[in-house]
Protein chains: 2
Amino acid sequence: MEEKTDNKKVGIKEIAKLANVSIATVDRVLNNRKDVSDKTRAKVQSIIKEHNYQPNLYARALSVKNNLSFAVLIPKTSSQTGYWDLCLKGIKQGIEEFSTFGISIDIFLYDQEDVRTFIKMSEDVLSRNFNAVVIAPIFISETTHFVEECKKRRIESIFVNSDIKGCSSLGYIGPDLYSTGRLAANLTSYLVPANSKVLILNIARGLQNYAYLNTKIEGYTNYLNKLDRGFEILNIDIPSNNYDEIAIDLLRHVDNINPDLIFVTNSRVSVVGRFFDEYRNIKKPHIIGFDFLTENVEFLASGMIDFLICQRPDKQGYLALNHLYRHFLLKDVKENFKPMPIDILTIENYLFYEN
Amino acid sequence: MEEKTDNKKVGIKEIAKLANVSIATVDRVLNNRKDVSDKTRAKVQSIIKEHNYQPNLYARALSVKNNLSFAVLIPKTSSQTGYWDLCLKGIKQGIEEFSTFGISIDIFLYDQEDVRTFIKMSEDVLSRNFNAVVIAPIFISETTHFVEECKKRRIESIFVNSDIKGCSSLGYIGPDLYSTGRLAANLTSYLVPANSKVLILNIARGLQNYAYLNTKIEGYTNYLNKLDRGFEILNIDIPSNNYDEIAIDLLRHVDNINPDLIFVTNSRVSVVGRFFDEYRNIKKPHIIGFDFLTENVEFLASGMIDFLICQRPDKQGYLALNHLYRHFLLKDVKENFKPMPIDILTIENYLFYEN
DNA sequence: CGACATCTCGTTAACGTTACCGATATTGCT
DNA sequence: AGCAATATCGGTAACGTTAACGAGATGTCG
């Protein structure tokens, strides 16, 4: 009932001795470069396999002096939502960690309400000579065009937060947005009885651009319709970022519809919480929304919001850089990764959701 | 709207040059050893602060050749639950990573149904000369005594999975068990209406030893009672690990009580799922349980289980070793850490809960 | 056959840090 | 004063890997 670890790692020197070659040759085989005869290459490879050689990444990191440079192209945080601050936090953690490897990382922040800023920034990125770029693809067609240009210049690309299928060269790090909508619907089915009125609320300026919202809404409505419990589902846009404007719209709609549950499709759920906090005479519906923002958590803690669905944007940012690092520095490129976990936060577990 | 990273890290050599001393002296200051005059020490320290020197951990890892040894003392996995396999998985990941630093790690597995095996294993640990030990404290008094002995021998200790407050020398890595119970109660309140019958089910042999179950149950009942919705709460023990035995007991109790919801206080929730899968004529209650085990997830996927509350045991195991590593190798000892996140899994998000 | 390119392989200096060893300066004691 | 003990510091090998450089062997073409 006891296990011991054989902690004697074989190094490149050991392999060299066993194969009767120099460490340089072993290195050449390992990084499969040229200047090795087929015979010795096979010999060395067999010994490597036999002894299960694992390279010491720390030594490698110390030795290699590459000057890779990555660009990060994400929305700047607005006064309305601190979401992108969280992503940026993960990015900066990555910068801290990977700058040790001689990687330099530049951050480009665009205005997600103004496509021209995205175009400007993407041109800036192209004008410099980056090896790879991390992109949050808010604007579909512009991003697609940008990635095309990157491919011509042999610049790798990776998406975070939301995906455009088959577009980026290195894939997507983030949640499966459709499932995110389904999960919200699943929780909805627990919160309200059959024949309830459910209001889907999209709050943001420039809504036509947020293509990823539609994926969530699809997942949500498909799930509820399949349940066949007679839910009355309404989908309403409030294309504003100003609370007072939103409140006026909200008042009108809520008076009209009298919903049993409101599903806010993005991180602006706190404004709905604030609304019902101020209009106490109105019957408060159940509320489901997204993202671990301070203002959202406040209303989760007070019981105003029932569930917050979260996706750890900081981890996404970090993982994107981490994947680039692994892609360039190690050969350890597992091409397709699984979508990230989708977390459920309630009043009872939000305290432990570290970020 | 663009940020650049100043990726020129100052090294120990730079500092030495700036302070007009040798790198050996800088090293002495950094690891605050003796053989440095107060004057030069102050001077070097000021330059270190001024240039925000950060040691290169990879170089350190490469250079240092310490022979630390850790012990891991956790239950062996039984045929009834693969829970400890997950923890072990995280432990092994840690071993893989930290063996590079010359740390050797020995694993001791005891039988959580037989306290004598724990005593035997703990004596084995004491007979060797470990620097620290990771413990899953199932048996309260025996673990307390063991930690006392460790302290005498200056062996550090750290707990995983559950805690004995103020006992271990390096704290506890795991969820807040009381909140875990509260969360289950919170979800219960969404699943069933007022005046429902709720059955708390403790399934395991040697139940008197599982002190951590009481903490969960306290959190659960306190929450529900405070809600004041007229819930009828029953607490039942089934001290067995054999499905057929459990099924007989379960049949009797369910016939008797006819519960609207069953809360299984540990990872054995799959046997309840199996039970209601076999006895289709009995009205299936809502079911809440613990842990991301294959057999549990199976019933979550089929809709038999509503919620699974999870605590990432693999991450716990890894983090425990990671904390020991940081404690001994770096000075980076943030003494008290936050409890781990408590995850909620449903049929809609379990697919993305990577392990 | 000579000149030169190509292929194969070994030697070695770095990367940033640690720790041992020895050199020099200072102090303490008789 | 002489001598030992101690305090303070610098030099340097080593950790495992990478890559630049060059040496030797073989091949190619006039």
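Predicted model, so just to flag it, every value in this text is computed and none were measured.
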Separation of atom CZ in A:R28 from atom P in D:dA20, rounded to whole Å: 12 Å
For B:E14 and C:dT17, what is the distance between atoms CD and C1' respectively, to the nearest whole Å? 15 Å
If I take atom CD1 in residue B:I12 and atom P in nucleotide D:dG10, what distance separates them, rounded to the nearest angstrom? 12 Å
In whole angstrom, what separates A:I15's CD1 from D:dG16's C1'? 13 Å
Of all heavy-atom pairs linking A:A19 and A:K43, the shortest is O-NZ, 3.4 Å
Nucleotide nearest A:R60 (side chain, heavy atoms from C-beta), chosen from D:dT17, C:dG16, C:dT18: D:dT17
Centroid-centroid distance, A:Y172 to A:F159, less than 6.0 Å: no
Between D:dA19, C:dC15, C:dT18, which one does the side chain of B:K13 approach most closely? C:dC15
Any carboxylate oxygen within less than 4.0 angstrom of a Lys/Arg side-chain nitrogen, looking at B:D85 and B:K89? no
Hey, is CZ on B:R154 packed in by over 12 heavy atoms from elsewhere, all under 6.0 Å? no
Which nucleotide wins on minimum distance to the side chain of B:S63, given the candidates D:dA14, D:dA19, C:dC15? D:dA14
So B:D38, base contact, sugar-phosphate only, or nothing? Heavy-atom distance under 4.0 Å. nothing
Side-chain N or O of A:R33 less than 4.0 angstrom from OP1 or OP2 on D:dA19? yes
Is a salt bridge present between A:E148 and A:K152, judged by a nitrogen-to-oxygen distance below 4.0 Å? no
Consider the side chain of A:A59, meaning its heavy atoms from C-beta on, and name the nucleotide among D:dG16, C:dT18, D:dG10 that approaches it most closely. D:dG16
Under 4.0 Å between any heavy atoms, over every strand shown, what does B:D27 touch: base, sugar-phosphate, or nothing? Just pick one. base
Between D:dG16 atom C1' and B:N56 atom CG, what is the distance in whole Å? 14 Å
Phosphate OP1/OP2 of C:dT17: any B:Y53 side-chain N/O under 4.0 Å: yes
Selected nucleotide, minimal atom distance to B:S37 side chain, candidates C:dA19, D:dT17, D:dC9: D:dC9
Nearest-Å distance for atom pair CD1/C1', residues B:I23 and D:dG11: 9 Å
Comparing nearest nucleotides in DNA chain D, the 5'-proximal residue of the pair B:S22, A:G11 is B:S22
Quick check against the 3.5 Å criterion: does A:N131 have a side-chain atom that pairs as donor or acceptor with the backbone of A:F70? no
Rounded distance (Å) that lies between atom P of C:dT18 and atom CG of B:L30: 7 Å
Side-chain contact check for A:N31: nearest option of D:dC21, C:dA19, D:dA19 is D:dA19
Length of the NZ-P vector between B:K17 and C:dG16, whole Å: 11 Å
Distance check: side-chain N/O of B:T40 vs OP1/OP2 of D:dT8, anything under 4.0 Å? no
Which nucleotide, D:dT8, C:dC9, D:dT17, lies nearest any side-chain atom of B:D35? D:dT8
